[in-house]
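The structure appears right after this line, and notes come after that.
Numbering of ligands and ligand atoms starts at 1, following listing order.
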Amino acid sequence: EGVGPQEYTALKLKVKTWADKAGETINGLKLEGANFYLVPATLRPETMYGQTCCFVGPKINYGVFKVNDNDYFVITNRAARNMAYQGVFAKEGNIEQVAEIQGADLVGTLVNAPLSIHKEGVRVLPMETVLPTKGTGVVTSVPSDSPDDYATIMDLAKKAEYYGIQKEWAELEIPAIINTPSYGDKCAEFLVKKLKISSPKDTKQLEEAKELAYKEGFYQGTMVIGEFKGEKVETAKPKVRKQLIEAGEAFVYSE
Ligand code: A2H
């Protein structure tokens, strides 16, 4: 971990259809015409083409925060407090929370994931290892390039009934985003298998896989999808980020 502030890209995943319980809460607010977004924080904006779902911590409490007259964000209270001083909300330093929803009640919600090949949307799914103390408490899942995400979706698909989800939600096609000389074009899957990681609870091996994937992807990787196909990750990364921000689909979030 660095000592300076971490600069994330916060991505706006617009809710298309709420899971039942979250829907009841939101409908009770009678905010006709409002837009709601789950807002994951990522360090890898160039991988957003490969989003296949969006993770929340099932036991984490999320707030629904008013951003402006039409828009609301679903994030942790902690993240809202930080954003209030980063020019994200209409009034500097002011937080307006309209509801609280537990992560478990968000599971099954269908959201639009900017740049994802899955234009029909992706599902909100549970991830036990989401930290309430980092980012926004929401994590977008890119199983091609994140070993944590890959290990989690494999576990979800294997135990769909236990998790109370539909198996198909965890089995969306995983496209290749980045080619690397050492680990091929789906480095997370390659490393999870190589290090014999069998569950999201294999913390130590996952830490190692994450380190290897990150270095190889960033320094040796080449994009194999999207507008910057053929470019090195190092140069494509700021371009994809800029594009998302200019399209109003993302913003800078630091902590
Ligand atoms: B990354 P750092 Cl493709 N709890 O985004 C657990 N993990 C969280 C989190 C939280 N509250 N908030 C963000 N994260 C994840 C993409 C990605 C990420 C890829 C590869 C590696 C990777 C897609 N998931 O991260 O501790 C988010 O996942 C590995 C470093 O602040 C975010 O970026 O360095 C990253 O961890 C931030 O971790």
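The nearest non-hydrogen atom to atom 17 (C) of ligand 1, considering only E7, R44, Q6, R78, comes from R44.
Here the shortest heavy-atom pairing between M127 and P58 reads O-CD, 3.7 Å.
Geometrically, ligand 1 and G135 share no nitrogen or oxygen pair separated by less than 3.5 Å. Where the criterion is an N or O separation shorter than 3.5 Å, residue side chain and backbone included, L43 meets it with respect to ligand 1.
Residue contacts with ligand 1, taken as heavy atom pairs separated by less than 4.0 Å, involve T47 solely via side-chain atoms from C-beta onward. With a 4.0 Å cut-off on non-hydrogen atoms, A41 touches ligand 1 through its backbone and not its side chain. Of the heavy atoms in D149, only side-chain atoms (C-beta onward) come closer than 4.0 Å to ligand 1. Only the side chain of V139 comes within contact range of ligand 1, with a heavy atom under 4.0 Å; no backbone atom does.
Taking 4.0 Å as the cut-off between side-chain N and carboxylate O, R44 and E46 count as a salt-bridged pair.
Interface atoms of ligand 1 facing S146, defined by a heavy-atom separation under 4.0 Å, are 3 (Cl), 19 (C), 20 (C). Within ligand 1, the atoms closer than 4.0 Å to a non-hydrogen atom of T140 are 23 (C), 24 (N), numbered from 1 in the order shown. Close approach of ligand 1 to D145 is summarised as follows: ligand atoms under 4.0 Å from at least one heavy atom of the residue are 3 (Cl), 20 (C).
Taking the six-membered ring where the residue is Trp, the centroids of Y8 and F251 are separated by 6.0 Å or more.
A donor and an acceptor atom, one from each side chain of Y62 and N77, are nowhere located under 3.5 Å apart. Side-chain atoms of S182 and E216 include a donor-acceptor pair closer than 3.5 Å.
Not counting sequence neighbours, the partners of E211 by the salt bridge (charged side-chain N to carboxylate O under 4.0 Å, His left out) test are K215. Taking E234 as the reference, nothing meets the salt bridge (charged side-chain N to carboxylate O under 4.0 Å, His left out) condition, with sequence neighbours excluded.
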